[in-house]
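Some notes on the structure that comes next.
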2 protein chains.
Amino acid sequence: MAKISTRQQRIIDYIKGYRREHGYAPSVRDIQIACDISSTSVVDYNLRILQREGVIRRSPDISRGLELVDDDRGGAVEVVSVPIIGAIAAGAPLPVVTSDILQSEGLETVGLPPELTPRVASDLYALRVKGYSMIDALIDDGDVVVLRRTPDIRNGDMVAAWLRAEEEATLKRLYREGDHIRLQPANVQMQPIVVPATNVEVHGKVVAVIRRLE
Amino acid sequence: MAKISTRQQRIIDYIKGYRREHGYAPSVRDIQIACDISSTSVVDYNLRILQREGVIRRSPDISRGLELVDDDRGGAVEVVSVPIIGAIAAGAPLPVVTSDILQSEGLETVGLPPELTPRVASDLYALRVKGYSMIDALIDDGDVVVLRRTPDIRNGDMVAAWLRAEEEATLKRLYREGDHIRLQPANVQMQPIVVPATNVEVHGKVVAVIRRLE
DNA sequence: GTTTGTTCCAAACAAACGTTCTATCGCCCA
DNA sequence: TGGGCGATAGAACGTTTGTTTGGAACAAAC
């Protein structure tokens with residue numbers, strides 16, 4: 001995998017912007033002019049390289065038959081709809097996540113852009129945060145947290161945890177320390193808490209937080 | 001508003017499918033063959049009608065310069081790409097937002113799902129937060145804030161403000177109080193600051209905050 | 001019955017466009 | 001010194017493709 005030159009990066013950026021603005025790809029000559037290239041052959045030369053590197057896809061002899069492989073298709077993309085299966089709040093149990101629930105209808109959903117979407121979206125779900133108890137995780141009342149149901153929790157992952165003894169749900173970074181677990185707030189100004197591992201139920205890993213204002 | 005004929009509907013469907021499959025629009029002759037039309041002029045004639053009806057947009061003399069105006073792309077939803085024009089950090093000036101910048105190429109972008117997108121997206125831009133100085137707005141290092149450039153700032157709106165005297169950028173809720181402005185942190189545990197109105201440059205209204213983990 | 005508007009045809013034209021050919025320049029290396 | 005190579009040029013070529021022209025069939029309006 002070779003590197004991508006400044007000029008090639010500029011071409012990519014131009015194509016991306018052009019597609020966003022026009023809804024179709026620029027011609028070779030459009031690229032030539034926009035990127036200050038003296039000849040269409042040089043554009044072709046660089047496009048050939050970008051194609052070899054897998055950055056773009058070209059359809060031979062087709063006008064503007066140019067696609068970005070790692071595409072946002074010029075603005076239109078499949079948005080993954082993730083169901084908001086309930087709320088998370090201190091003192092209220094976390095909703096149990098089952099496949100049934102994930103596939104059930106009628107739930108409010110939140111659309112995730114591709115940047116926020118991991119390869120597999122089927123085990124994603126979302127919770128709406130109630131109250132201000134998650135504020136040490138920099139999460140406000142009304143925010144939506146997107147989680148992935150996974151057994152693969154690593155040290156440092158932000159997780160949704162249920163503390164049995166305290167009867168409290170919380171969003172914190174998790175670190176295993178022997179038979180205890182340290183829960184570290186996202187807010188660097190705040191102190192971590194350490195609890196016995198048996199006191200913690202991990203319900204999912206936080207993938208994203210979305211706050212809508214206005 | 002005239003009706004859309006069977007033939008025209010077939011053309012629309014074909015364009016939609018072709019775009020989904022190829023990433024670019026079909027040519028007039030592609031349409032001609034696919035829709036069993038004997039002449040390209042007939043295709044042109046019908047495209048002209050579809051354009052008049054506002055169903056499609058055409059760019060004259062541009063190969064495959066064909067867009068579907070109200071395109072949900074067969075189930076996929078339009079994601080608005082918003083450029084991340086820079087960073088926001090205390091002590092660093094906010095990037096000046098101009099139309100040029102908004103339309104310039106080569107910027108990293110963030111895709112916004114429809115729920116986060118207001119009717120008009122053209123004056124949206126995004127900033128990536130550097131450092132922990134925005135933590136009282138519940139915003140972490142690395143978060144992306146989506147802003148709208150608008151003169152219509154109302155009391156209680158969350159804004160990106162530049163404090164001239166302090167040389168500090170900040171994200172807070174804004175309240176006008178006579179010739180002073182009160183900036184209220186989103187974090188309910190923290191105290192507001194009050195500054196002279198002349199000391200504040202408002203650079204935009206915060207529309208959404210997106211935090212990506214994992 | 002003529003007019004008028006719509007829809008459709010076939011062919012030709014000209015602009016847009018991808019591709020290719022040849023040549024040049026700088027750079028590394030034997 | 002010279003050959004190989006990546007990158008760049010300028011121009012020409014031939015296809016793709018949007019557009020136009022002149023006409024015909026048909027139905028509704030007058």
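A, B, ... follow the sequence lines: proteins, then strands. Residue 1 opens every chain.
Looking at residues two or more places apart in sequence or on another chain, you find a side chain to side chain contact (heavy atoms under 4.5 Å, CB included) between B/Arg7 and B/Ser5, B/Ile11, B/Ile37, B/Val42, B/Asn46. Every residue two or more places apart in sequence or in another chain that forms a side-chain hydrogen bond (donor to acceptor under 3.5 Å, both in side chains) with B/Asn199 is listed here: B/Glu166. Residues passing the side-chain hydrogen bond (donor to acceptor under 3.5 Å, both in side chains) test with B/Asp44, sequence neighbours excluded: B/Arg48, B/Arg58. Residues meeting the side-chain hydrogen bond (donor to acceptor under 3.5 Å, both in side chains) test with A/Thr40, sequence neighbours left out: none.
Across every strand in view, D/dC30 sits in a pair with C/dG1 that passes the Watson-Crick or G-U test at under 3.5 angstrom.
Listed by residue number, the members of residues 39-47 of chain B with any heavy atom below 4.0 angstrom from DNA chain D are B/Thr40, B/Ser41, B/Asp44.
In terms of phosphate contacts, A/Arg48 brings no side-chain nitrogen or oxygen within less than 4.0 Å of OP1 or OP2 of D/dG6. Dashed line: the shortest gap from a side-chain N or O of B/Ser63 to OP1 or OP2 of D/dT17 is not under 4.0 Å. Taking only side-chain nitrogens and oxygens, A/Ser27 never comes nearer than 4.0 Å to OP1 or OP2 of C/dA16. OP1 or OP2 of D/dT8 has at least one side-chain nitrogen or oxygen of A/Arg7 nearer than 4.0 Å.
B/Arg10 has its CZ atom 12 Å from the P atom of C/dC8, to the nearest Å. Rounded to whole Å, atom C1' of D/dT17 lies 5 Å from atom CZ of B/Arg29. Summarising the geometry, the separation between CZ on B/Arg64 and P on D/dT19 is reported as 14 Å, rounded to the nearest angstrom. The CD1-P distance, from B/Ile62 to D/dT16, rounds to 19 Å in whole Å. Taking atom CD1 on B/Ile33 and atom P on C/dA10, their separation rounds to 14 Å, with Å as the unit. As a whole-Å value, the separation of A/Asp30 CG from C/dA15 C1' is 14 Å. Rounded to a whole Å, the CG atom of B/Asp36 is 13 Å from the P atom of C/dA10. Rounded to whole Å, atom C1' of D/dA7 lies 11 Å from atom CD1 of A/Ile37.
The side chain of B/Ile49 sits closest to C/dT7 out of C/dT7, C/dC9, D/dT17. Distances were taken from every side-chain heavy atom of A/Asp61 (C-beta onward) to each of C/dC9, C/dG18, D/dG18; the shortest belongs to C/dG18.
The backbone N or O of B/Thr198 lies less than 3.5 Å from a partner atom in the side chain of B/Arg164, making a donor-acceptor pair.
Side-chain contact check for B/Ile15 versus B/Leu47: some heavy-atom pair is nearer than 4.5 Å.
Contact between A/Tyr14 and A/Cys35 at its shortest, heavy atoms only, is CB-SG, 4.1 Å. Taking each heavy atom of A/Gln184 and A/Lys172 in turn, the nearest pair found is O-CB, 3.6 Å. Listed here is the closest heavy atom pair of A/Leu66 and B/Tyr24: N-CD2, 4.1 Å. When all heavy atoms of B/Arg182 and B/Pro192 are compared, the closest pair comes out as CG-CB, 3.9 Å.
The base of D/dG18 is not paired with the side chain of B/Arg58 by any donor and acceptor separated by under 3.5 Å.
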Protein and nucleotides 23-28 of chain C: nitrogen or oxygen contacts under 3.5 angstrom:
none

